[in-house]
Protein chains: 2
Amino acid sequence: MTGTPDLRARLRARGLRVTPQRELVLSAVQRLGHASPEAICTEVRRTAAGVNISTIYRTLDLLEELGLVRHAHLGPGAPTYHAADEHAHLHLVCHVCGTVAEAEVALAEQLVGRVLAVHGFEPDVEHMAIAGRCAQCRER
Amino acid sequence: MTGTPDLRARLRARGLRVTPQRELVLSAVQRLGHASPEAICTEVRRTAAGVNISTIYRTLDLLEELGLVRHAHLGPGAPTYHAADEHAHLHLVCHVCGTVAEAEVALAEQLVGRVLAVHGFEPDVEHMAIAGRCAQCRER
DNA sequence: CTTACTGCAAATATTTTGCATTTGG
DNA sequence: CCAAATGCAAAATATTTGCAGTAAG
């Protein structure tokens with residue numbers, strides 16, 4: 001019920017340090033919603049100038065290990081990071097126009113159940129991007 | 001009913017040229033089943049030495065445009081190419097051990113229908129990789 | 001012959017790594 | 001103080017592009 005999980009607590013629980021960079025990266029991810037490492041870096045630098053891109057990458061990995069952020073692959077290249085406390089959602093990526101829409105995970109209910117039953121494989125729906133053609137691009 | 005669609009015919013229909021490289025790349029993709037551009041390059045070179053990696057990339061793009069090959073993103077980095085005439089399948093990628101399994105597209109039936117109904121978005125199941133944990137990794 | 005295609009090398013883009021310096025606790 | 005974290009620059013990876021020479025039709 002605490003809304004945002006506590007960065008400080010999780011770091012201390014592991015004997016890791018609370019640094020301004022870590023707080024800045026987490027808050028940038030929360031503010032941006034969905035973003036690439038590059039975009040997160042730009043956002044962080046609006047507040048603190050010198051932060052290095054390699055610190056962004058290391059920090060995102062760490063935050064993901066701590067369960068505070070998650071990433072999804074929406075296509076080639078740029079992974080997208082978002083706060084872990086956001087409600088889970090599917091990503092619909094149009095491979096014509098490139099737009100990304102979100103959809104309820106409930107839509108994948110049967111898929112998840114069947115894949116688990118048939119293959120013993122437990123799908124991670126939050127991480128899964130679905131490619132296809134969006135409504136607008138289908139009309140043409 | 002022709003089994004493999006005809007490369008030559010499709011190239012000529014567009015006024016493009018039939019080159020040994022194009023034939024080699026297509027046959028390598030058909031032989032390998034699933035492969036990254038790098039792996040395809042290696043396979044092609046077993047037959048013809050000097051073929052350049054940039055030709056592989058250019059040729060794969062072309063073959064995809066012609067509808068002879070398809071690619072799927074199974075994770076970060078390497079896209080995987082396969083012949084377009086193979087039967088469609090889903091990819092199950094374990095993000096613990098990295099193994100890739102195939103699953104019937106029928107498992108995604110409801111997902112496809114619902115996403116189309118609710119969002120007007122037409123999922124491309126062949127292109128969609130599903131991340132998760134495989135049976136073996138779940139047991140631990 | 002004409003120009004599409006290829007090989008090559010260099011440019012991009014993205015992420016990772018080694019190491020010296022800084023800094024949280 | 002001291003190990004952990006950062007900044008920086010270089011390396012590693014993956015893909016793209018410009019251009020001059022080659023070859024398909």
Side-chain angles (χ1 to χ4, degrees), chain A residues 6-26 28-29 34-45 47-66 68-69 71-81 95 98, chain B residues 6-26 28-29 34-45 47-66 68-69 71-81 95 98:
Chain A
D6 191 4
L7 173 60
R8 301 185 159 223
R10 301 210 186 186
L11 286 172
R12 285 184 186 137
R14 295 219 198 178
L16 300 175
R17 296 178 181 172
V18 178
T19 66
Q21 289 89 339
R22 288 172 178 175
E23 294 180 320
L24 286 166
V25 169
L26 179 56
V29 170
H34 282 94
S36 66
E38 197 60 54
I40 292 164
C41 188
T42 302
E43 176 68 13
V44 166
R45 283 178 176 163
T47 305
V51 183
N52 195 275
I53 185 72
S54 63
T55 298
I56 303 289
Y57 278 101
R58 287 186 283 226
T59 302
L60 286 170
D61 282 351
L62 174 62
L63 293 178
E64 191 152 30
E65 244 186 77
L66 296 178
L68 297 172
V69 307
H71 78 275
H73 296 282
L74 305 187
T80 296
Y81 287 81
H95 54 39
Chain B
D6 192 1
L7 174 59
R8 302 185 158 224
R10 300 209 188 187
L11 287 172
R12 286 184 186 136
R14 294 219 199 178
L16 300 175
R17 295 178 183 173
V18 179
T19 67
Q21 289 89 338
R22 288 173 178 174
E23 293 180 321
L24 285 166
V25 170
L26 178 57
V29 170
H34 281 96
S36 65
E38 197 59 53
I40 292 164
C41 188
T42 302
E43 177 68 14
V44 167
R45 284 177 177 164
T47 305
V51 182
N52 195 273
I53 184 72
S54 65
T55 299
I56 304 289
Y57 279 102
R58 286 186 284 225
T59 303
L60 286 171
D61 281 351
L62 174 63
L63 293 178
E64 191 151 30
E65 244 185 78
L66 296 178
L68 297 172
V69 307
H71 78 275
H73 297 283
L74 305 186
T80 296
Y81 286 81
H95 53 40

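Atoms considered below: every heavy atom in the structure, side chains included; atoms not considered: hydrogens, waters and symmetry mates. Each chain gets a letter, A, B and so on, in the order its sequence line appears, and its residues count up from 1.
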Could you state the atom-to-atom distance from CD of B:Glu64 to P of D:dT15 in whole Å? 13 Å
Taking side-chain contact (heavy atoms from CB on, under 4.5 Å) as the definition, give me every residue that meets it alongside A:Leu24, ordered by chain and number, with sequence neighbours left out. A:Val44, A:Thr47, A:Ala48
Applying side-chain contact (heavy atoms from CB on, under 4.5 Å), name anything that partners A:Arg8, two or more places apart in sequence or on another chain. A:Asp6, A:Arg12, A:Val18, A:Glu23
What is the distance, to the nearest angstrom, from the CD1 atom on B:Ile56 to the P atom on D:dA14? 15 Å
Taking all atoms of both residues into account, what is the closest heavy-atom pair of A:Arg17 and A:Arg22, and its distance? O-NH1, 2.8 Å
Please state whether the phosphate of C:dT16, meaning OP1 or OP2, lies under 4.0 angstrom from any side-chain nitrogen or oxygen of A:Tyr57. no
Determine the minimum heavy-atom distance between A:Pro79 and A:Pro37, stating which atoms define it. O-CD, 3.5 Å
Which letter, B, S or -, goes with each nucleotide of nucleotides 5-10 of chain D from 5' to 3', with contact meaning a protein heavy atom under 4.0 Å? SBBB--
Rounded to whole Å, please give me the gap between CD1 in B:Ile53 and P in D:dA12. 18 Å
Identify the two heavy atoms, one from A:Ala28 and one from A:Ile40, that lie closest to each other, and give their separation to 0.1 Å. CB-CG2, 4.2 Å
Quick check for you: to the nearest 0.5 Å, what is the distance between B:Leu68 atom CG and B:Leu60 atom CG? 11.5 Å
Could you state the NE2-P distance from A:His71 to C:dT14, rounded to the nearest angstrom? 16 Å
Separation between CG (A:Leu26) and CG (A:Leu7), nearest 0.5 Å, reads 5.5 Å
Nearest whole Å is fine: how far is C:dC5 P from B:Leu7 CG? 12 Å
I'd like to check the side-chain contact (heavy atoms from CB on, under 4.5 Å) partners of A:Glu64; sequence neighbours left out, ordered by chain and number. A:Val69, A:Arg70, A:His71, A:Tyr81
Please figure out whether B:Glu38 or B:Val18 has its closest DNA chain D nucleotide nearer the 5' end. B:Glu38
Taken to the nearest whole Å, CG/B:Asp61 to C1'/C:dC5 is 15 Å
note: B:Ile40, atom CD1; D:dA14, atom P; distance rounded to Å ~ 14 Å
Terminal axes of the helix from C:dC1-D:dG25 to C:dG25-D:dC1 (five pairs each): angle between them, nearest 10 degrees: 30°
Test side chain to side chain donor-acceptor pair (under 3.5 Å) applied to A:Glu38 - qualifying residues, sequence neighbours left out: none
